[in-house]
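The next block holds one structure in the form of structure tokens; read it before the comments.
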Amino acid sequence: MSGIVLYCRPGFEGECASEAASQLSPESAGGHIRAIPGAAQVQLFYPEMPQARHAHEQSWWGGWIFARQWFVQTDTVSGLAVDDRAMPLARALATAQQRVSSLFFETPDREDTKVLAPLCRALEKPVVSELKKIGGWDEQSLWRGHVCMTGSTDALVGISRVDNSASWPGGIPRLKFPREAPSRSTLKLEEALMTFLTERERKNLLQPGMRAVDLGAAPGGWTWQLVRRHIHVIAVDNGAMDAKLLDSGLVEHVRADGFRFQPDAPVDWLVCDMVEQPIRIARLVAQWFAQGWCRRAIFNLKLPMKKRYAEVQRCLGEVENAVSAAGKRARVRCKQLYHDREEVTAYLEPQ
Ligand SMILES: C[S@@+](CC[C@H](N)C(=O)[O-])C[C@H]1O[C@@H](n2cnc3c(N)ncnc32)[C@H](O)[C@@H]1O
């Protein structure tokens with residue numbers, strides 16, 4: 001059996017499996033899903049490899065919420081000799097019969113696999129070199145190779161479409177916390193901008209002089225991301241904002257309830273990180289968009305409840321319905337980012 005490997009945040013295997021069932025329904029192709037709590041990955045098994053490959057190519061990566069990264073698993077390697085790992089891994093990759101233009105060494109995001117990081121780094125170059133020798137490499141290929149080390153001598157290997165998967169190994173962008181930022185939450189918005197916008201969109205849609213509202217802004221990590229791009233921000237929060245951020249001259253701090261605040265004029269961006277029931281946030285963001293108060297929005301949905309996948313779907317459905325009832329066209333995407341905890345982040349953009 002071959003299949004698909006999905007990486008997710010540990011503790012969210014159930015959500016990832018429900019999503020996989022709804023997106024791909026492998027059972028209808030004679031396959032099944034395996035989700036082990038705490039594994040930080042979910043595996044889909046199909047009777048034939050072309051079925052897994054077809055499922056991967058047919059499903060749009062941007063539509064996945066709880067999966068951080070994925071690949072078509074084409075082989076399993078176990079019991080590797082510690083002094084000869086590169087060649088067997090390259091040979092296993094070659095069984096996919098698909099040349100690749102890059103290679104990701106990954107591990108599931110668990111405490112017990114953290115020790116494998118140096119090994120992954122050390123193996124990358126030798127495996128690429130072996131792969132080149134046996135004709136498995138092509139700089140022009142639209143496919144990428146994946147080696148998921150599950151232990152020091154065991155791995156799952158496979159391939160993914162470069163344009164239909166995450167751009168970072170394991171779906172984890174390595175972001176450095178900027179020392180001047182007032183809170184670690186800043187990394188959430190930075191990752192959201194990297195995930196939902198292309199480089200060109202980041203340049204065009206985040207221009208100096210634009211205007212934004214940040215609901216639930218204190219102490220200012222999200223506002224900081226906008227201010228560093230010279231965007232004017234109305235920061236709405238009853239809590240205190242970072243003093244240096246206020247000194248930038250680009251921030252107006254409004255001590256108010258984010259559910260009551262209305263802007264005097266439409267803004268380019270609404271961002272919202274208020275700790276509130278997700279459905280209330282979804283309705284609020286939909287209202288902002290429907291009324292034309294903002295052109296785009298990035299918002300975080302906190303998920304303290306049990307049925308988290310169902311709740312996210314309910315919230316996104318609510319946004320879509322409210323927007324279309326207002327006669328507007330928009331697309332909403334949502335992802336559990338690496339820097340998200342019991343939460344997901346969504347992006348609403350006009351169509
Ligand atoms: C997770 S923190 C925001 C962190 C912020 N994004 C950052 O990067 O520093 C949530 C904030 O939402 C604010 N908040 C919660 N409910 C609110 C409401 N109804 N109106 C305005 N702010 C609210 C809280 O005061 C708190 O500062």
Side-chain angles (χ1 to χ4, degrees), residues 9 173 175-197 202 206 210-264 267-289 291 293-294 296-305 308 311-312 315 318-319 322 334-348:
R9 183 178 178 81
L175 303 181
K176 203 166 161 240
F177 175 65
R179 262 187 306 134
E180 325 79 62
S183 68
R184 287 205 70 79
S185 278
T186 200
L187 295 177
K188 253 191 290 183
L189 185 57
E190 187 178 358
E191 186 182 350
L193 295 172
M194 287 176 67
T195 301
F196 297 126
L197 305 183
R202 285 197 292 277
L206 295 162
M210 284 184 162
R211 287 160 39 83
V213 168
D214 183 353
L215 299 178
W222 285 32
T223 293
W224 186 88
Q225 286 292 338
L226 299 165
V227 165
R228 69 176 266 240
R229 293 171 168 90
H230 307 284
I231 293 171
H232 296 263
V233 184
I234 302 175
V236 182
D237 202 308
N238 278 314
M241 289 293 287
D242 177 72
K244 264 204 210 139
L245 207 45
L246 296 177
D247 288 346
S248 69
L250 288 169
V251 181
E252 181 190 344
H253 182 193
V254 177
R255 290 183 187 272
D257 181 351
F259 287 94
R260 291 172 180 270
F261 174 83
Q262 288 183 18
D264 293 334
V267 294
D268 300 288
W269 284 92
L270 168 70
V271 297
C272 174
D273 191 24
M274 288 192 288
V275 182
E276 248 299 339
Q277 284 175 43
I279 196 73
R280 284 197 76 200
I281 301 292
R283 286 180 186 142
L284 180 68
V285 171
Q287 184 195 16
W288 270 70
F289 190 87
Q291 303 277 3
W293 297 344
C294 66
R296 344 184 147 255
I298 290 183
F299 54 103
N300 192 275
L301 301 173
K302 316 288 174 193
L303 302 172
M305 64 287 300
R308 298 178 286 203
E311 184 62 17
V312 173
C315 292
E318 186 95 4
V319 174
C334 184
K335 197 94 194 150
Q336 185 168 45
L337 304 171
Y338 173 65
H339 293 94
D340 281 333
R341 290 164 188 251
E342 305 281 303
E343 57 197 343
V344 292
T345 302
Y347 173 45
L348 179 65

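Ligands are counted one by one from 1 in listed order, and the atoms in each one are counted from 1 as well. The shown structure was predicted, so the numbers you read here are calculated from the model rather than taken from an experiment. Positions are given from 1 along the sequence.
Ion pair Glu191/Lys335 not flagged as a salt bridge, since none of the NZ, NE, NH1 or NH2 atoms sits closer than 4.0 Å to an Asp/Glu carboxylate oxygen. With salt bridges taken as basic N to acidic carboxylate O contacts below 4.0 Å, one links Lys302 and Asp273. Ion pair Glu343/Lys188 flagged as a salt bridge, since at least one NZ, NE, NH1 or NH2 atom sits closer than 4.0 Å to an Asp/Glu carboxylate oxygen.
Protein neighbours of ligand 1 below 4.0 Å, counting non-hydrogen atoms: Ser183, Ser185, Gly216, Ala217, Ala218, Pro219, Gly220, Gly221, Trp222, Asp237, Ala256, Asp257, Gly258, Phe259, Asp273, Met274, Val275.
Side-chain polar atoms of Gln287 and Arg283 form no donor-acceptor pair below 3.5 angstrom.
In this structure, the side-chain contact (heavy atoms from CB on, under 4.5 Å) partners of Ala256, at least two apart in sequence or on a different chain, are Val236, Val254.
A distance-only check finds no donor-acceptor pair linking the side chain of Asp268 to the backbone of Ala212 [under 3.5 Å].
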